[in-house]
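Reckoned from all heavy atoms, side chains included, excluding hydrogens, waters and symmetry mates. We number each residue from 1, following the sequence as shown.
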Amino acid sequence: MVSKRRLSKSEDKKTLTEEDISEARKQPLSKKARQSHAPNEVEENDSVFVRLLKTSGLILKTGPNQNQLAVDQIVFQKKLIQTLRKHPSYPKVIEEFVNGLESYIEDCDGFKNCLLSCERLQDEEASMNTSFSKSLIKLLLGIDMLQPAIIKVLFEKIPEFLFEKQNSDGISMSRLIFSQLKWLERIVDGKDLTTKIMQLISIAPVYLQHDFITSLPEILGDAQHADVGKELSDLLIENTELTSPILDVLSSLQLDSNFLSKIRQLVMGKLSSVRLHDLPMIIKFILHSLTASNALEVLSELRENLDIQHFILPSRFHASQIKSRSKGRASSSGNQESNDKDCITLLFDVINSAVKYEKTISEAWIKAIENIAEDAEHKTFDVAMLLLIYSTNTQTKKYIEKVLRNKVRSGCMEEQLLESTFYIHHLVLKDICPSILSLAQSLFHSQDQNILSFSSLLYKYAFKFFDPYCQQEVVGTLVTHVCSGNEAEVDAALDVFLDLIVLSPSAMRPNAVFVKGILDYMENMSPQQIRKVFYILSTLAFSKQHETNSHIQDDMHLVIRKQLSSTIFKYKLIGIIGAVTMAGIMAGDRNRSSNSTQGRADLSDEQCTQVTALLQLVHSCSEQSPRASALYYDEFANLIQEGKLAPKTLEWAGQTIFNDFQDAFVVDFCVVPKGDFLFPVKALYGLEDYSTHDGIAINLLPLLSQEFADDGGQMTSQESQQKLVSPLCLAPYFRLLRLCVARQHNGNLEEIDGLLDCPIFLTDLEPGEQLESMSAKERSFMCSLIFLTLNWFREVVNAFCRQTSPEMKGKVLTRLKDIVELQEILKKYLSVTPDFVPPLANFDLETLDVIPHSSSATSKNRKKGKIEGGRKQKADGSKASSPDTLSKEDNTECDTVPSGRSQLDKEFPGKEGKTTVSLWNYHAFFRELDIDVFSILHCGLVTKFILDTEMHTEATEVMQLGPPELLFLLEDLSQKLENMLTTSFPKRIPFLKNKGSRNIGFSHLHQKSAQEIVHCVVQLLAPMCNHLENIHNYFQSLVAENHGVVDRPEVKDQEYHIMSSCYQRVLQIFHGLFAWSGFFHLGNHNFLYPALEVLASRMKQIEHEQPLEELVSQSFNYLQNFHYNIPSFQCGLYLLRILMALLEKSIAPTQKKEKIASLAKQFLCRVWPHGEKEKSTIFNDQLHDLLCIYLEHTDSVLTAIEEIAGVGVPELINSPKDASSSTFPTLTRNTFVIFFRVMMAELERTVKGLQAGTAADSQQVHEEKLLYWNMAVRDFSILINLMKVFDSHPVLHVCLKYGRLFVEAFLKQCMPLLDFSFRKHREDVLSLLETFQLSTRLLHHLCGHSKIHQDTRLTKHVPLLKKTLELLVCRVKAMLVLNNCREAFWLGNLKNRDLQDDEENEESDGKKEQDSEENDDNSD
């Protein structure tokens, strides 16, 4: 028998050596030759071990059979203990018993039987619970006198099996032996057992080390946890492969918090280098070791160090590489990828469990993400965590929504970050899809465009990365948004659908049946929304696999035919838009899907026939209604402009349109129309000299007269059967014609260039002295004629603005001059025709919701007409003003609520004594100028050649863009930018309120994205800078002529006004561009850099690719140089706003901020030209903005307020009634309340932002803050005392409102400072309180004044103010008591006094006020 090896001896403990391990490997399983036993035979042995077991009730079996236990386990243990103690050789018998056990377990089968559970004999006395019991070794370990020896024997046996593979029956002897130590009721010598276990772990192979370590909490008692923790921490440093089991055990042990903190720091530093399968346990340990006090700090560090995509992306890339190399070996890579996915899932399960059941962890994690600086990099893990916590913890949903809103507004949650989050974490996020959709739905109600875009991206990426079930949920939720009726939600949801049909068309097709439900909710949609709906459905229905969606095609055809046949225009509008949109998809989608070499010509005859049949159907259904026809022409034109029509269809359309237009509107110049017209017909506005035998003209006046002949377009039965030719269709039809010709001939318009210079059959439009003598019908006729002529010219300019020849450019400039002249004539007619309703120019309107207004009487008349059922008045022939009215087509009541006059036009009043009609009120009745028209701004001097009959140059004419034409273009461009790039988002539309009026007249503009508009404006910056400099030079020359005074010369008043308006419009355009919120996104910086380069290059030659800050600085300097000769107050304000927009993009804003404050003060101290209406609301608002800009950007707000209130206001008080302050000329008696309100608000905001002092601050800090509060209280006192002089209601209201807020700020921010400053600066503190007391006493008088005069507008502020004043008195008393100076406080009754400090006659209400005053006899 080979000598036994022992792990330890009582005298000296020795660890196992490598020689012992190698020797153990070589030893046989059976060390003693034993006789073979028959199966199921009882062990017959005379040893003490066998005998005592048998006596106690346990029978040892040989072979693979289980040992049998004849009695209960506890009974067996008691009998064995009694037998051992009663044995004659006790305690020596214990050693003999253990030696017998050693001998017995030398046989492998016997040892295994001892480790496996015993079999209970089924007899009458046996327990009925179970037939199996603990193993023999487990039973013996439960006996205290045997436990140490048995443990010793087991640890001597384990090395024999450490490196042995599993038996054929799958049993690992090492694990089986070690499992005997688990869940012992008592451990006799825990320290010794701990030592043995740690020694065993140090030599065991790795796979057994995992098992041994994870079993420690089930073996050791609490007393050994600290020692084991220390041993495991050392092992953790030595062997990183054991990270998971060690941290798992440490999480289960009772350990000191400081020790856990050290371990946490250790593993936190290894996060970047650990293996993926260890990560879940590491995170679990970190989260388990958190406390409420350190949770925020630890989680902030965790999110900083943890980079999930570092583990996910490489594994995906590796798996894809293996799959691409060999499909045969794909199974191994698949297993690896599956394991990685399991680890990621397990990691988030750990985190999910922690944040779900630990409120501290979830709140701290959200706070850690919230605290990330804006300039720091946000991780995909941050977004995933917010979404995960949102799904698990309902109490934090509002908090998470708030955090996300703030992050989105600050630009931290960009599209790339969100897409990466879904790409990396889609396995986890797909399980919380309902919560993500709930979050998106909640954010979708926001009025902020950025938040709305973020929620749209949530829907988009949820659809892209999740399974079909989730995709169906996404589509269902979006359909709900589309049908909600909220305009902003509908637009955003439809935009998401447009993205999805491009992003995942194959995934969208099965969901087309859900999208089809939108067709039932289109009644309240805008035309642009209707276009989107039909585009989405048509794309899904007429795709490659359109056979599967044939039912959707049938439904769309049914809906379109039904709507086209309706007599109500808004339904016919749906049909027209839907049919044209569907026709574009039927042709265009198939063309794009074709890869043949034939390209666009690959459209088959059958397909071409389907498209043309659909278009002919629309044409036939709309030809009896001029308005419907005009809408069809505009929609068809948009279709051609987008290039969505196949060549075959385009050829058919081009020939038809050309012939129809010529037949309807073009006549020979030599044939003068004859008929009974209201006015004689003349050919006007021709640009060429025509002979009597050739030339063409536009037949406008006869067509208009024909419609006026039957009292405003009431057609007879004979006329309704004929093809209608309405002048209303002239401009839309021409737009369709020129786009069709341009598409066929690559932009060349030679075929129709005669329409640019041909005359129009009109009459003398200049009214002269006959205007007042005209009848209402004649005036309405002339107004309609001018409107139609203007719209014709606008479309002509749209068509030919891109032509490059000087001849064409000259003619376009001439047409611009014609437009400006006609507008001036139109104003004269409109001024005497206030109830005129112009012919429509934009036809995608459901109702006439844009009827202009000019007077209150007009509004009353319209309201009366509305009450009578929406029928237009026939008196005086006013009905004839609209050639095609809605009344004959729309059975519903028209909304005639007048639209208000915009701020832009209020800023440009007409000259006094002349018409005040603003054409902006009629903007919806003018054809929209295309964005291409503004390329005319590039024009300098244009040389036009005048040819004789033999095409020889007879003369040359030099033309240029004049100020009136420039103003016309700039006004239109600024309105487009305001509509497209404005930062404000349309608010929720109230029920039954007019929708979309803001976008009327901008339908073509909204077919382009904001980025496209910005790109176009950037291209126009250089010519606009030229114009700005020329205008600036004009005013500079005026200054020189008028000896340094910028004022309107009486002789050049009109020219001055136009140039000043041009100046302002250019600045407005610059401000609209640079204040665009899209520049805060990095993706749009490719527009910002060229724009800044244009401005910077005006100063000096710049190098390519200069840094952004340098470009911003040079652009800032260029623009601020224009302040010297600013012609108007509005121009100065817009210049400051542009500089502020550039300031936001600067990383070094200090110097620029000072310059803005300096310019603002200069504008406040400047005498502006006469005519600035100080009493107008617009001027007051602008003055308010300018003063706010000055006080927000100045270095010292208190000094600035003291200067205005202490210098400017006294000058105003001492000046005559209509005069102003000499230092601040903008400060007058009319504008005083604006200055006063802004100064009080800024004073309160400034002191509120000052941090309250603490006792720990240095003495210097205390003195600085005390000095600051002295200045603030002095300013407050000056302002409050002004109400004695200016006692109007607005001033008193400001005193009550901001007086209370200032006192509250004083209580919170200043009183703590006085508490610990009183002893060292007693005199200063008492002086401050005395000054402040005088102001609060005035506030008290104001409260009494409001009560006595029973002014409810003021008295509502009194209770809160009085409460605040009482709090101030109590707080001052507490401060004095704290500093042992109670004697400085005394109490008295205040008499009711008026604002002039005179005593009121009424008795005092007994209200006491406690005041603090300085007492010279007091001592500390």
Side-chain angles (χ1 to χ4, degrees), residues 236-237 240 243-244 247 250-251 257-258 260-315 343-344 346-355 358-390 392-393 396 399-400 402-404 406-408 410-414 416-425 428-429 1082:
L236 179 64
I237 299 174
T240 56
T243 300
S244 292
L247 294 180
L250 291 177
S251 300
S257 59
N258 293 330
L260 287 176
S261 178
K262 293 179 181 177
I263 301 297
R264 186 177 61 241
Q265 290 295 329
L266 176 65
V267 297
M268 194 80 80
K270 295 183 177 181
L271 279 178
S272 59
S273 58
V274 298
R275 296 174 298 179
L276 179 58
H277 67 267
D278 290 333
L279 197 57
M281 190 52 62
I282 294 175
I283 301 301
K284 180 182 179 181
F285 171 77
I286 292 175
L287 297 179
H288 177 267
S289 64
L290 292 180
T291 61
S293 59
N294 65 7
L296 178 59
E297 179 185 356
V298 173
L299 291 176
S300 298
E301 185 180 1
L302 174 62
R303 67 150 301 277
E304 185 68 29
N305 295 333
L306 183 61
D307 189 5
I308 297 291
Q309 65 189 50
H310 168 73
F311 300 99
I312 299 177
L313 296 180
S315 62
C343 290
I344 296 298
L346 182 59
L347 168 64
F348 279 94
D349 285 343
V350 168
I351 297 175
N352 188 23
S353 177
V355 298
E358 293 291 339
K359 183 180 178 182
T360 304
I361 295 179
S362 61
E363 291 180 350
W365 212 313
I366 301 172
K367 191 69 176 176
I369 297 174
E370 184 182 20
N371 291 343
I372 303 173
E374 292 184 8
D375 54 349
E377 182 181 0
H378 287 67
K379 300 181 178 180
T380 58
F381 184 58
D382 297 329
V383 183
M385 280 307 306
L386 289 177
L387 298 177
L388 186 65
I389 299 174
Y390 188 87
T392 57
N393 199 328
T396 58
Y399 185 20
I400 292 176
K402 175 187 172 183
V403 171
L404 280 174
N406 293 335
K407 293 291 183 183
V408 171
S410 61
C412 299
M413 295 290 177
E414 296 183 350
Q416 183 61 43
L417 176 66
L418 194 60
E419 183 178 12
S420 300
T421 301
F422 277 84
Y423 174 73
I424 294 171
H425 303 291
V428 178
L429 298 182
L1082 292 177

A side-chain contact here means heavy atoms from C-beta on lying under 4.5 Å apart; do [X] and [Y] qualify?
X	Y	result
Ile282	Val274	yes
Val298	Leu287	no
Leu296	Asn371	yes
Asp382	Lys407	no
Leu347	Val428	no
Leu306	Ile283	yes
Ile400	Val403	no
Val383	Met413	yes

Hey, could you give me the [atom1]/[atom2] distance between [X] and [Y], rounded to the nearest 0.5 Å?
X	Y	atom1	atom2	answer
Ser257	Leu290	OG	CG	12.5 Å
Leu418	Phe422	CG	CZ	5.5 Å
Asn258	Lys262	CG	NZ	7.0 Å
Ile424	Glu419	CD1	CD	10.5 Å
Leu346	Leu279	CG	CG	9.5 Å
Asn305	Ile286	CG	CD1	8.5 Å

task = Report the C-alpha distance between Leu299 and Arg303 in whole Å, list the side-chain angles of each, state the deciding distance to 0.1 Å, and finish with yes or no for side-chain contact (heavy atoms from CB on, under 4.5 Å).
result = CA-CA 6 Å; Leu299 291 176; Arg303 67 150 301 277; over 6 Å; no
query = Passes side-chain contact (heavy atoms from CB on, under 4.5 Å), Leu247 versus Ile263? Steps please.
reply = CA-CA 9 Å; Leu247 294 180; Ile263 301 297; 4.1 Å; yes
Main-chain N/O of Asp349 paired to Ser353 side chain as donor or acceptor, under 3.5 Å = no
query = Looking only at atom types and distance, does a side-chain atom of Lys379 sit under 3.5 Å from a main-chain N or O of Glu304, one as donor and one as acceptor?
reply = yes
inquiry  = Using the rule side chain to side chain contact (heavy atoms under 4.5 Å, CB included), only one of Leu387, Thr380, Leu388 pairs with His425; which is it?
reply    = Thr380
message = Tell me every residue that passes salt bridge (charged side-chain N to carboxylate O under 4.0 Å, His left out) with Glu297, counting only those two or more places apart in sequence or in another chain.
response = none
remark   = The complete set of side-chain hydrogen bond (donor to acceptor under 3.5 Å, both in side chains) pairs with one or both residues in residues 284-295, sequence neighbours excluded, reads Arg264-Ser289, Thr291-Ser293, Thr291-Asn294
Check residues 361-370 and write down every donor-acceptor pair under 3.5 Å in which the side-chain atom is one partner and the other belongs to a residue at least two apart or another chain.
unit_1, atom_1, unit_2, atom_2, d
Ser362, OG, Lys359, O, 2.9
Ser362, OG, Asn393, ND2, 3.3
Glu370, OE1, Tyr399, OH, 2.6

